[in-house]
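Presented below is the structure to which this report refers.
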Amino acid sequence: MSAQTMPSAARQPAGQANGVPVELMFKQIMEAVHNSHLEIAELRSECHELRQANASLERMLREGLFNNGSRAVTPGFVTPVPGSPQLRAKSPFLSPGSITTLAVPPQIYVPSPLSDHALTNAFPFGIREIPGFYVVIPAGGAGTRLWPLSREEHPKFLLDLTLKGRSLIQATWDRLLPLTSAARTTIVAGPAHVKSIHEQLPDLLQHNLFCEPSAKDSMAAIGLAAAVLARRDPNAVIGSFAADHMISGDDAFLSAVAEAVDVARKDYLVTIGIAPSHPSTGFGYVRLGEKLGFPEAPNARLVSSFKEKPDARTAAAYIKTGSYRWNAGMFVTKAAFLMQLLKEYKPELHDGLQRIAQCWDDEKLRQRVLEETWPGLEKIAIDHAVAEPAALDRRVAVVPATFGWDDVGDFSSLADLLPAESNQPRILGDASLVLTEQAAGGIVVPGSGRLVSLLGVDDLVIVDMPDTLLVTTRARSQEVKRLVKKCKDAGFKHLL
């Protein structure tokens with residue numbers, strides 16, 4: 001075959017593909033990879049700057065509002081220290097058997113800077129209170145990623161993780177009280193925690209603590225409260241807020257909840273979307289849809305979709321669009337409307353909860369019906385049970401919010417919430433029990449009273465309790481729950 005008649009592909013010189021030299025193609029690919037790395041680095045830098053700015057703002061608020069001796073009023077809400085449990089300075093546990101007390105005035109409670117109420121000073125309860133709004137606080141979960149600090153009998157919502165004298169559930173109570181009242185604040189918890197919750201929240205009314213016989217995930221817990229409250233007040237609007245989350249920027253939080261209540265009255269299931277500070281792989285996401293256009297709720301939008309916890313690349317892509325918010329699991333809706341959604345999407349679960357609610361005020365009958373009905377209820381999260389299907393029917397709204405939020409899901413996130421000196425680990429407890437030399441980052445919990453010494457190690461997680469010692473790295477702190485399973489299998493269930 002002559003050169004003139006050879007196919008064009010056969011005449012291409014070696015080292016070329018489709019007329020483009022392989023070296024040039026390789027160079028283009030490497031440039032694309034390089035540009036991608038630059039974009040990721042730029043995104044990380046922006047997220048770091050946002051975290052620094054947020055920390056700086058919180059520091060200025062604390063210094064300006066808490067340390068200004070010329071102020072005529074006490075910052076935050078002046079709340080009496082609960083008589084039981086007593087407060088310990090050297091342990092995140094709030095237990096009746098305390099020996100020493102915190103170095104704070106015994107007459108008042110100084111709120112945590114992570115839930116400081118500083119910005120709500122100008123708003124007395126009478127102005128902020130929302131008539132007909134009921135708070136539901138699900139207090140469940142063992143916090144296995146914070147083991148051995150958090151245990152089944154004493155989970156993280158009962159712990160004082162800032163050593164300011166208030167546990168997470170107490171801080172949640174304090175934060176929401178301006179919008180409602182003790183008479184309209186309810187808690188759903190398991191039998192093992194009822195006594196401790198009443199000790200930490202002496203103002204909680206007996207009939208407002210709903211005890212679920214066993215953990216059935218968030219839909220059964222919130223649905224139980226909704227079913228009971230709908231019978232007490234057919235027009236009740238409920239807001240569900242986890243007992244073990246940390247929030248900074250209370251004024252923005254309260255404003256977002258108030259806006260969510262306005263939208264909920266128009267027959268929407270409303271969630272609050274948190275502006276992401278970094279591309280987290282540990283949280284679910286909400287995709288923002290079109291604006292609803294309500295004058296009294298100008299920020300409210302439809303939820304386009306809910307997204308499960310993404311990988312790092314997908315999370316970075318979400319943030320870059322600006323159309324995604326963290327799903328913090330906060331829901332506001334009319335109690336009757338939630339039960340209506342439940343009847344449509346999970347009728348058997350709806351019927352079971354209604355059966356329980358009908359006899360709730362008769363204690364003897366309640367126990368019998370609970371024993372008959374509760375074990376057969378489906379164990380499912382509220383997101384999967386009603387939020388996701390209702391979003392497809394355009395009945396779920398989101399109020400984008402700007403307050404700081406963290407679910408304190410592991411020791412790495414807890415470390416980010418604690419103060420620290422430069423190139424030093426964060427310490428949850430008595431700092432005099434921790435000695436370091438060339439040890440940067442990480443977190444140490446000196447909970448046993450023994451001296452903990454670190455030399456030449458970075459970013460470690462060390463939790464030293466009287467009966468258990470945990471040592472891992474911040475990078476693997478999400479995997480602590482695997483150790484919990486191994487402890488159970490190895491016969492150490494008494495330590496869980």
Beyond-backbone contact of [X] with [Y], side-chain heavy atoms, under 4.5 angstrom:
| X | Y | result |
| --- | --- | --- |
| Leu451 | Val434 | no |
| Pro425 | Ile443 | no |
| Pro138 | Ser218 | no |
| Ile238 | Leu338 | yes |
| Ile137 | Thr186 | no |
| Val452 | Ile462 | yes |

Please report the shortest heavy-atom distance between [X] and [Y], naming the atom on each side.
| X | Y | result |
| --- | --- | --- |
| Met246 | Val408 | CG-CG2, 3.8 Å |
| Ser280 | Trp326 | CB-CZ2, 3.8 Å |
| Leu269 | Ala387 | CD2-CA, 3.8 Å |
| Tyr324 | Pro276 | O-CD, 3.7 Å |
| Pro400 | Arg325 | CB-NE, 3.9 Å |
| Val194 | Cys211 | CG2-SG, 4.0 Å |

From [X] atom [atom1] to [Y] atom [atom2], the distance as rounded to the nearest 0.5 Å:
| X | Y | atom1 | atom2 | value |
| --- | --- | --- | --- | --- |
| Asp410 | Lys481 | CG | NZ | 10.5 Å |
| Ile272 | Phe241 | CD1 | CZ | 5.0 Å |
| Ile197 | Leu158 | CD1 | CG | 6.0 Å |
| Ser305 | Tyr285 | OG | OH | 13.5 Å |
| Leu496 | Leu483 | CG | CG | 10.5 Å |
| Leu342 | Glu348 | CG | CD | 11.0 Å |

Does [X] use its side chain to pair, donor to acceptor, with the backbone of [Y] at less than 3.5 Å?
| X | Y | result |
| --- | --- | --- |
| Lys216 | Leu377 | yes |
| Asn208 | Ile187 | no |
| Lys156 | His245 | no |
| Ser255 | Asp251 | yes |
| Ser150 | Leu146 | no |
| Ser167 | Gln170 | yes |
| Ser196 | His193 | no |
| Arg366 | Trp360 | yes |
| Arg287 | Val303 | no |
| Thr180 | Phe133 | yes |

Assess whether salt bridge (charged side-chain N to carboxylate O under 4.0 Å, His left out) is satisfied between Asp174 and Arg166, documenting all intermediate values.
CA-CA 9 Å; Asp174 298 339; Arg166 298 294 270 179; 2.9 Å; yes
Check the pair Lys379 / Asp217 against salt bridge (charged side-chain N to carboxylate O under 4.0 Å, His left out), numbers first and verdict last.
CA-CA 6 Å; Lys379 186 174 183 179; Asp217 218 323; over 6 Å; no
Determine whether the side chains of Gln424 and Thr436 contain a donor N or O and an acceptor N or O closer than 3.5 Å.
yes
Distance-only polar pair, side chains of Thr314 and Asp311, donor-acceptor under 3.5 Å
yes
Is it true that, when you exclude Asp458 itself, more than 12 heavy atoms of the residues, nucleotides or ligands shown sit nearer than 6.0 Å to its CG?
yes
Exceeds 12 heavy-atom contacts within 6.0 angstrom, atom CZ of Arg474
yes
Looking at Phe306 versus His384, is the centre-to-centre ring distance below 6.0 Å?
no
Do Phe283 and Trp405 have their ring centres less than 6.0 Å from each other?
yes
Any ion pair linking Glu152 and Lys493 (charged N to carboxylate O, less than 4.0 Å)?
yes
Between Glu371 and Arg368, does at least one N-O distance fall below 4.0 Å, as a salt bridge requires?
no
I'd like to know whether Phe210 forms a side-chain contact (heavy atoms from CB on, under 4.5 Å) with Val136, so could you lay out the CA-CA distance, the side-chain angles of the two residues, the decisive distance to 0.1 Å, and finally the verdict.
CA-CA 10 Å; Phe210 304 147; Val136 177; over 6 Å; no
Pair Val270-Thr333, side-chain contact (heavy atoms from CB on, under 4.5 Å): steps then yes or no
CA-CA 6 Å; Val270 189; Thr333 188; 5.9 Å; no
Leu161/Leu414 under side-chain contact (heavy atoms from CB on, under 4.5 Å): CA gap, chis, key distance, verdict:
CA-CA 8 Å; Leu161 295 183; Leu414 177 57; 4.0 Å; yes
Apply side-chain contact (heavy atoms from CB on, under 4.5 Å) to Arg355 and His350, showing your working.
CA-CA 9 Å; Arg355 195 176 306 120; His350 166 272; over 6 Å; no
Mind running salt bridge (charged side-chain N to carboxylate O under 4.0 Å, His left out) on Arg184 and Glu129 for me, showing each step along the way?
CA-CA 11 Å; Arg184 288 185 277 117; Glu129 183 174 353; 2.3 Å; yes
Set out, in order, the CA-CA distance, both residues' side-chain angles and the distance that settles salt bridge (charged side-chain N to carboxylate O under 4.0 Å, His left out) for Arg476 and Asp459, then state yes or no.
CA-CA 10 Å; Arg476 304 196 67 174; Asp459 285 325; over 6 Å; no
Steps toward side-chain hydrogen bond (donor to acceptor under 3.5 Å, both in side chains) verdict (Trp173, Thr185)
CA-CA 8 Å; Trp173 173 282; Thr185 302; over 6 Å; no
